[in-house]
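Down below is the structure, laid out as structure tokens.
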Amino acid sequence: MSALGDAEAARRGKTGGLSLSAAAPWLIAIVLLAGLPFVFTGGAALTVMNQMAITIIFALAYNMLLGQGGMLSFGHAVYMGLGGFFCVHLMNMVEYDGLLLPLPLLPLFGGLFGLLFAFIIGSFSTRRAGTVFAMISLGVGELIASLSIIVVAFFGGEEGVSGDRTMGPVVAGFDFASQKEVYYLTAAWLFVSALAMFLYSRTPVGRIANAVRDNEERAEFLGYSQRYVRWISFCASGFFAGIAGGLFAINFEILTEENLNLATSGSILLITFLGGVGFFLGPVIGAVVFTLLQTVLSLYTEIWALYVGLLFVLTVMFFPSGLAGVFAIHVRPWQLGKIGLLASPYLKMFVPALLFVFSAAAVLEILFHARHAAIGEEQMSLFGLTFNSHGVWPLTIAIIICVASYLILKRLAPSLKEAWDEANHGEVGR
Amino acid sequence: MSGAAIELKALRKNFGLAQIIRGVDLAIAGGERHAIIGPNGAGKSTLFNLITGKYHPTSGSVHLNGTDVSRLKPHEINRMGLSRSFQITNIFPKMSVFENIRCGLLYTMGYKYSFWHLVDRQPKLTERAEEILEQINLSDRRNLLAGVLTYAEQRALEIGITIAGGADIVMLDEPTAGMSASETDYIVDLIRQVTDGKTLVIVEHDMGVVFNLADRISVLVYGEIIESDTPENVRASQKVQEAYLGAAEEADH
Amino acid sequence: MSLLAVNLLDGLVTGLLLFMLCSGLTLIFSMMGVLNFAHASFYMLGAYFAYQISTYVGFWPGLIIAPLAVGLAGAAIERYGLRRVHQYGHVPELIFTFGLALLIEELVQFFWGKSHMAYYEPEILNFTAFSIAGNSFPAYKVFMIFVAIGIFLVLLYILTRTRIGLIIQAALSYPNTVQNLGHNVPLVFMGVFGVGTAMAGLAGVIAGPVLGTFPGMAVLLGSIVFVTIVIGGLGSLWGALIASLLIGWMQTFAASYNVTMTDILLAIGIDKPVDLSDNPLRDLWTLTLPQIGPILPYLLMVLVLVIRPRGLLGKRET
């Protein structure tokens, strides 16, 4: 949490009220969530938004471990998956055994199931932090994912387990058959979960989790057992992951081994890190961007996963604070009133940067098409142009533009650096 | 206070075959200001870590206010009323100065592992944190990230975190390391103020600080205490002079 | 009895292959403190490079060239990627190598597509070396054993008889001291990373024809490699060897003896229920040894980490 947030928070603590600037982001969120279906209409858009919402909750839960607790887990998908499987079974019990469970309450049970397993596994996995923790999480994750093929009774084997969300008791006129109703249910859970996770970070155990992350030895001399703090963080994270799992079950009505495996655990790590682990909004940004890349970009290119991989590696290398971090470094110039200094270099570099990215992508697309397209299929279309991927000219032109724009960017880089130094120079008034 | 606040009985610590602490007997009374000095490699840090629970003794025992704490974990020892600072500044650099102090208060003010209180809405917590900030003169640095403070300010913050929990026994590990003369004076005054009435154990190299602050001094050489007495007697002691000179001669070879 | 012998040999092949991967990983971890999540990806690159070379000049040149190419790639990645990320801490380092694994998998698919590559063992090794009571053992696998043992001996020689080897051994236990003694640590790092990845590449070159050359091959082996070095003890080469052989034999034996849980439970006197179709424990009854074979390493790893985080022979905890 930023130092500014502290001052604000302390002032609130003294007066006891809820200041507008603290509540504002949440009010905006409510308006946004409620209004989105009217801006982006259609079934496809709703599906994407639902997916985004579920991923956001999962990413925020994951960040309770990684960003807040400093614990890197390679097996977190199991808590979401287990919560999801439990919920599908509950849905089936509602349908076949007459269990009276209204659908809106389902994610809560997913969360409780995830919490249960986080409690059990955390009892031995959180004894140590660092690499040992990461390795245990990997082992446990793979263990449970492998078990899922064998324990057919619970995991349904290769086909997974499916259910029907519309079979439950009708709640206030909703039977949740339509995507829109599911969206609002998901959005409501998203809001409640995000708020809960945010408030958790402002509780004593949430603050001490940060302390243990930064300096476990020191935290012990604040009276806290680092082991128990980690265990509690782990349980909390498992709970919210389970909620995400429950929402997944409601949305897609099927859970499979894929929900538990290393690929899913890996992607949530990627998403959270991409967004930025040091900021509460980081995972939100990461989830939104990734879902867009996954759903929208995949419509335009076959090698979207390569782009995501490249983006991820470049982020780790050059922007370890993630996308949120990229926004955050603009805060100080803004406070100093010098943000305008950056406008000119940014504008100058905007066009070359766009050219560079698109031409590099073009090079990759042309190469890919030339190599992997069906025999005889020589024409490809890109950015509205159609041309022969095997020809000399398209590739050559793309390479030339790429190199040229890179050189221009390199030329302009020093002036950007200068502007940055200038924009950061000075003291923010206290 | 009657009865020793800290008592070490026949304390030994080996790392593999290396004997680092070779039989230390020491009693530090409640309210006393005690300094531990000695040449490099004498084992001061190890002794410190034995008392604070980072290491367990190979043999012998450590007692706090009469209770044997030899096998306890650091956080358990802390809950018994002992707090320590660290040689390499151990603050929380990504949190604000205010937040650092507040973290030091959470357990002792009863919040423990609560997730049903919001720290920003606890007026008593905020007040107490502000008080301590006042004491260490960092009130005007309140909202800065602890990582951007000057070195001396960070050491002051560290002392603040150490005493925040209200521990009766305060252990400081080279609190003035790397400081200029004026910074040192400032920190010594600060230490004297905030540890008024508490038991203070301080490991130090700066003799000026030691003689200024301590009621009694123990001299640790090669894992044994060769002298434990008032500052004047220690200064005059033949044994101590030989040990320091002797150690200096060794280092010359 | 003959099945036992075949399994022993098969397990030996798997174990030695695993050791080729683990030894490189252990070296890298011990020297640099980095757990290279992408290690199995270099194994994959080795197989693909060797395949590509084999389409031009056959199998044998690939045996030398491919590992070299992989090692150079590894050294370059260390120099320009890992070194940069190192300053941010251990967690970003792990995340970087993880991202690298993803990227390499995508790149492999970009260049070679998603299907299995036609990478086969060389003709002159394509015969049966011997058979034990009807179970034939291919000559290529004998070749694999020899290559792996050869590498192990070379490694042993370098580590115990050469100067650089002694430095590496020292760094295995006391990395900071080695740095303070003035050795050009960045160069050594680059070298160790290069050699470690080259070994992984070599493992890929010889394993490709047997285990298949396809984009998923890294993921398949990746987690097992980690499990193995954790069990063996991070930082211990002997531990890696013992653990590799253990896992190799465990997997092989589990896969070939079709013992079912039913047999075991009946043997200890528990009766099998007549109708299992709705019994929630039905999976337990139908459980077979080959089924749980893949799980055993993970189970073992979790047990080891809980009971003895140092691993079997590990010198230091992380």
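Numbered from 1 within each chain, the chains take letters A, B, ... in sequence-line order. Given the structure is predicted, the values throughout are model-derived calculations rather than measurements.
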So which part of B:Thr108 gets closer than 4.5 Å to some heavy atom of chain A, the side chain, the backbone, both or neither?
neither
Residue from B:Gly104, B:Cys103, B:Ala167, B:Gly165 scoring the most non-hydrogen pairs under 4.5 Å with chain A is B:Cys103
Given side chains that start at C-beta, do those of A:Thr203 and B:Trp116 come closer than 4.5 Å, heavy atoms only?
no
As an exercise, state the distance from CD of A:Gln226 to NZ of B:Lys73, rounded to the nearest 0.5 Å.
10.0 Å
To the nearest 0.5 Å, what is the distance between CG on A:Asn215 and NZ on B:Lys94?
11.0 Å
Among B:Thr52, B:Leu82, B:Val119, who wins on heavy-atom pairs under 4.5 Å with chain A?
B:Val119
Inspect the surroundings of CH2 in A:Trp334 and state if more than 12 heavy atoms from other residues, nucleotides or ligands are less than 6.0 Å away.
no
If you define the side chain from C-beta out and look only at heavy atoms, does anything of B:Thr162 sit under 4.5 Å from A:Arg218?
yes
A:Leu199, part contacting chain B, at a heavy-atom distance under 4.5 Å
both
Is there a side-chain contact between A:Glu217 and B:Lys54 (heavy atoms, below 4.5 Å)?
yes
Find the distance between CZ (A:Arg202) and CZ (B:Arg121) and round it off to the nearest 0.5 Å.
12.0 Å
Highest number of heavy-atom pairs under 4.5 Å with chain A among B:Pro93, B:Pro74, B:Ala164, B:Ser85 belongs to B:Pro74
Working to the nearest 0.5 angstrom, can you tell me the gap between A:Tyr224 OH and B:Arg79 CZ?
8.5 Å
Smallest separation among heavy atoms of B:Tyr107 and A:Leu222, with atom names:
CB-O, 3.3 Å
Around atom CZ of A:Phe119, are there more than 12 heavy atoms of other residues, nucleotides or ligands at under 6.0 Å?
no
Count the heavy atoms belonging to other residues, nucleotides or ligands that lie under 6.0 Å from CZ of A:Phe124, then report whether that count exceeds 12.
yes
Separation of A:Ile208 CD1 from B:Ser114 OG (nearest 0.5 Å)
11.0 Å
Contacts table for residues 56-67 of chain A: side-chain donor-acceptor under 3.5 angstrom, sequence neighbours left out:
residue: A:Tyr62; atom: OH; partner: A:Ser73; partner atom: O; Å: 2.6
residue: A:Asn63; atom: OD1; partner: A:Gly67; partner atom: N; Å: 3.0
residue: A:Asn63; atom: ND2; partner: A:Val277; partner atom: O; Å: 3.2

Measure distances from A:Tyr200 to the heavy atoms of chain B and classify the residue's part below 4.5 Å as side chain, backbone, both or neither.
side chain
Can a salt bridge be assigned to the pair B:Glu99 and A:Arg207 using a cut-off of 4.0 Å between side-chain N and carboxylate O?
yes
Does B:Tyr113 have more than 12 heavy atoms from other residues, nucleotides or ligands lying within 6.0 Å of its OH?
yes
What residues of residues 315-329 of chain A sit under 4.5 Å from chain B when only non-hydrogen atoms are counted?
none
Qualifying residue, where the test is side-chain contact (heavy atoms from CB on, under 4.5 Å) with A:Pro204 and the options are B:Leu105, B:Leu118, B:Leu125, B:Leu106
B:Leu106
